[in-house]
Amino acid sequence: MKITHLLLAMTLGRAVAASSVSVVPEFPVSGEDVTIIYDPEGGVLSDASKVYLYRGFNDWAAVAGPDQEMSWNEDLKAFEFTYQVPEAAYKIDFVFRDGDNVWDNNGTLDWHVEVTLADAPAELPKPPPLPDTASESRVMMQGFYWDAPAGNWYKIMASKASELRNMGSGQGIDRIWFPPPSKSESGPYSMGYDPYDYYDLGQYNQKGTVRTRFGTQEELKAALSAFREEGILCMADIVLNHRSGGDWQVNPNTGDAYWTDFSGVASGKAKWDYDDFHPSSLEVSDEGKFAGFPDVAHKASEGPGDPVYDLLEWGNWLTDPANAGFDGGWRYDYVKGFSPRMIRDFREGTGSPFGIIECWDGIPMIEAYLRVCGGTSAFDFPNYYAMRDIFNDQAGGGNIASLRDSNRSLLVRNPEYAVTFVANHDTDEIASNRMLAYAYILTSEGYPCLFWRDYFDRGLADLGGQAGNGIKALVWARGALAGGKPEIEILQGNHADLLVYGTKNGLSRSPGYIVAINDSASLAESSEVYTSNPLLRGRRLKCYAWYSYVAGKNVQPSEIEVSLGGRVAVSAPPRGYAVYGPVDLAVPEVKADSFDRQAGKARLTVRNVIEGVPYRIESRLSLGREAGWSEAGAFLGTDSGELEVTVDWIPQENVFWRVVAEQ
């Protein structure tokens, strides 16, 4: 009888290990059902009356929870369990245990089955474009950090809005990432990742506080308004995987009890109960559990009270300035814990805004999620760890060329969707040569994200020194020299300490740059390279942004000449970097906005593109020798942003203006 069973099991699916485990279908497909059949006879669980499936996917990148009790199939004389293969899976992983916590893990090898990815869209949707009011730099910032001061954080954020928009002579950031806005179980102590009442943004007295850790709802609205007025988009941190702080109740699906009763939330909205969490009667489990929190069951969206429906309603509620006013999209927390289908539903159901997934994993896992989420970007964790390993080596023993390895960086592999960073609220491990990491992400492809603590608390904005030092100078270079979206060519990529690259092309107002980053602990490095950028060839280049961690070496590098054929010798100081752009770029842009016939005046708008250089704006009505230039306005060396200038004008005649740099 047992032989008959084994033969039958083998015909149903692919035998994975000694015919004790089979899968149906033989070749599972992501997003479709798979059945695991387990015959315990002859193994450590041969006498088990109950068997539980412990499963994950992509080499245990995420683990489902709770463990699922398998059903006994009398015909097969084996245990079986059917579930939906995660949409982002390229491999499923599983082992088994009994009720006494005795495990069968295939002799420590576990069981792993390759998965065929379902058909992907012909082309991934592109991230939505930035509005016309956004800065040209295309740089964002995380506006908080772990254990940020409690009580008035929204007010602190709002007070910095103008400074952040106008850093780097008006380049600035275009998006700021806010912390999770909802009242959480830990009340005034919470960073927001244990959400309790989604609709309480700091206006209800519950969990020991009216305010959230960051402030009140009115303070949140004021902060969002302050950034909107500066043309900075505001992105909310969204926790969809789990919820916390409910009351204790029994789950009839299991007979167990847990903290899943949310009927008492003060807002009266999203009043969920046990059947809205795993194991639910409609969804036993999903991709991954997290830290013991009640795990949300993202069932079909049928109406109020259903998690998917309620979460979409909440997302749209957050975008309304009457409630909050988030207009910069969503940062999706811990996406490995739930189906990408929910990310698609949330994005599409809230107007398809910009989004970033936190998929804390390697390139294969991130790409699998991007493939099925649709239209989102991803934090580039692989690039972060590559930078950490190189720049934390104080002896300069890392291989800086490996930063351009497409297997270690989404930035290199798929820059359109890569959000790069040097630190965030979860991971802050680049302890040495941190400015080299900022130099790299701010002058490379991708969408760089600054860290509030680095910029303000650690003094990296300008390093308290020279005009070309710090994050501000690099942000300016990205916007003014590269137009915010540099397309990079590697000019020196086979040196262990020196990496040289530059923009392939440019525009007259943003011609491009050449960047050299040197990881050597003590030696300046140089290389003769060739640029293909026609707007850099035949020009003299100045070093606009630079730094060195070595004492006595933090000195602005000399100007360099690019031949008509593109040949140029580029250098960088030890443990430092240098960003070179055309010398003649650093003049303000002047354009005529209006002509007033009656008053005989013309109004000019002057935009200063670089701090530290004073200019006069002069005008005259004729180019004849007898005509003289008259000063109409001036930028001081510390000025940035825009200046309006009014000059005399004779209707129907010309008016001339020029910019003169003060020596």
Side-chain angles (χ1 to χ4, degrees), residues 143-144 146-158 178-224 234 236-251 257-278 290-298 303-326 330-331 333-334 346 425:
F144 63 99
W146 201 262
D147 288 338
N152 65 341
W153 188 251
Y154 290 143
K155 289 184 177 180
I156 293 174
M157 291 180 69
F178 274 68
S182 300
K183 184 69 62 62
S184 298
E185 178 183 13
S186 303
Y189 308 104
S190 174
M191 288 298 296
Y193 294 97
D194 53 340
Y196 170 65
D197 188 342
Y198 296 111
Y199 287 86
D200 182 358
L201 306 183
Q203 71 270 35
Y204 299 108
N205 190 354
Q206 53 185 342
K207 296 300 178 184
T209 180
V210 173
R211 310 170 70 86
T212 68
R213 180 187 187 93
F214 310 106
T216 66
Q217 182 185 30
E218 290 305 313
E219 290 167 354
L220 170 61
K221 290 161 61 177
L224 293 167
C234 299
D237 204 323
I238 301 297
V239 182
L240 301 178
N241 177 73
H242 53 269
R243 196 170 177 182
S244 186
D247 292 328
W248 190 258
Q249 70 176 167
V250 173
N251 184 346
Y258 211 52
W259 309 99
T260 53
D261 180 1
F262 290 87
S263 62
V265 293
S267 69
K269 298 180 179 180
K271 299 167 66 172
W272 302 347
D273 65 11
Y274 67 88
D275 213 31
D276 297 309
F277 301 91
H278 300 120
F290 181 79
F293 290 115
D295 194 59
V296 178
H298 298 115
D306 175 87
V308 174
Y309 181 94
D310 286 350
L311 288 170
L312 294 181
E313 288 290 295
W314 171 61
N316 286 304
W317 183 85
L318 286 175
T319 64
D320 186 343
N323 307 315
F326 288 103
W330 317 115
R331 181 263 187 185
D333 180 65
Y334 186 58
F346 195 88
H425 66 289

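Just so you know, these numbers come straight off a predicted model, no measurement behind them. When a residue number appears, it is its place in the shown sequence, counting from 1.
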Side-chain contact, heavy-atom cut-off 4.5 Å: Pro180 with Asp333? no

Which label fits Phe290 and Phe293: parallel for a plane angle under 30°, tilted from 30 to 60°, or perpendicular past 60°? parallel

Does the pair Trp314 and Ser182 meet the rule for a side chain to side chain contact (heavy atoms under 4.5 Å, CB included), with working shown? CA-CA 11 Å; Trp314 171 61; Ser182 300; 3.4 Å; yes

If you take all heavy atoms of Ser190 and Ser184, which pair is closest and at what distance? OG-CB, 3.1 Å

To the nearest 0.5 Å, what is the distance between CZ on Phe262 and CG on Asp247? 8.5 Å

Arg211/Glu219 ion pair, N-O < 4.0 Å: yes

I'd like to check Tyr198 versus Leu318 (side-chain heavy atoms, cut-off strictly below 4.5 Å). Are they in contact? no

Which heavy atom of Asp310 sits nearest a heavy atom of Pro304, and at what distance? OD1-CA, 3.6 Å

Ignoring hydrogens and angles, tell me if any N or O in the side chain of Arg331 forms a donor-acceptor pair with the backbone of Ala236 under 3.5 Å. no

For the residue pair Leu240 and Leu311, establish whether any side-chain heavy-atom pair is separated by less than 4.5 Å. yes

Is it true that Phe326 and Phe178 have ring centroids separated by less than 6.0 Å? yes

Taking the ring of Trp259 and the ring of Phe277, is the distance between their centroids below 6.0 Å? no

When you measure from the side chain of Arg213 to the backbone of Ser186, do you find a donor-acceptor pair of N or O atoms at a distance under 3.5 Å? no

Rounded to the nearest 0.5 Å, what's the gap from CG on Asp295 to OG1 on Thr260? Could you check? 12.0 Å

Value rounded to 0.5 Å, distance of OG in Ser267 from OH in Tyr196: 8.5 Å

Taking all heavy atoms of Lys207 and all of Pro188, pick out the closest pair and write down the distance. O-CD, 3.7 Å

Over 60° means perpendicular and under 30° means parallel, so classify the ring planes of Tyr154 and Phe214, tilted if in between. tilted

Less than 4.5 Å apart, any side-chain heavy atom of Tyr199 and any of Val265? no

Over 60° means perpendicular and under 30° means parallel, so classify the ring planes of Phe144 and His425, tilted if in between. tilted

Just by distance, no angles: are the side chains of Asp200 and Gln206 close enough, under 3.5 Å, to form a donor-acceptor pair? yes

Check whether His242 reaches the backbone of Gly292 with its side chain - one donor and one acceptor, N or O, closer than 3.5 Å. no

Hey, mind stepping through Leu312 and Phe346 against side chain to side chain contact (heavy atoms under 4.5 Å, CB included) and telling me if it holds? CA-CA 6 Å; Leu312 294 181; Phe346 195 88; 3.9 Å; yes

Within the distance-only criterion (no hydrogens, no angle test), does the side chain of Asn251 pair as donor or acceptor with the backbone N or O of Tyr258 below 3.5 angstrom? no

Which atom of Arg243 lies closest to which atom of Pro294, heavy atoms considered: O-CD, 2.9 Å

Please name the pair of heavy atoms, one in Ala324 and one in Leu224, separated by the smallest distance, quoted to 0.1 Å. O-CD1, 3.0 Å

Report yes or no: does Lys183 contribute a side-chain atom to a donor-acceptor pair with the main-chain N or O of Thr212 at less than 3.5 Å? no

From CG (Leu220) to NZ (Lys155), nearest 0.5 Å: 13.0 Å

For the residue pair Leu201 and Asn323, what are the closest heavy atoms and their distance? CD1-O, 3.6 Å

Side chain of Asp276, backbone of Asp273: donor and acceptor closer than 3.5 Å? yes

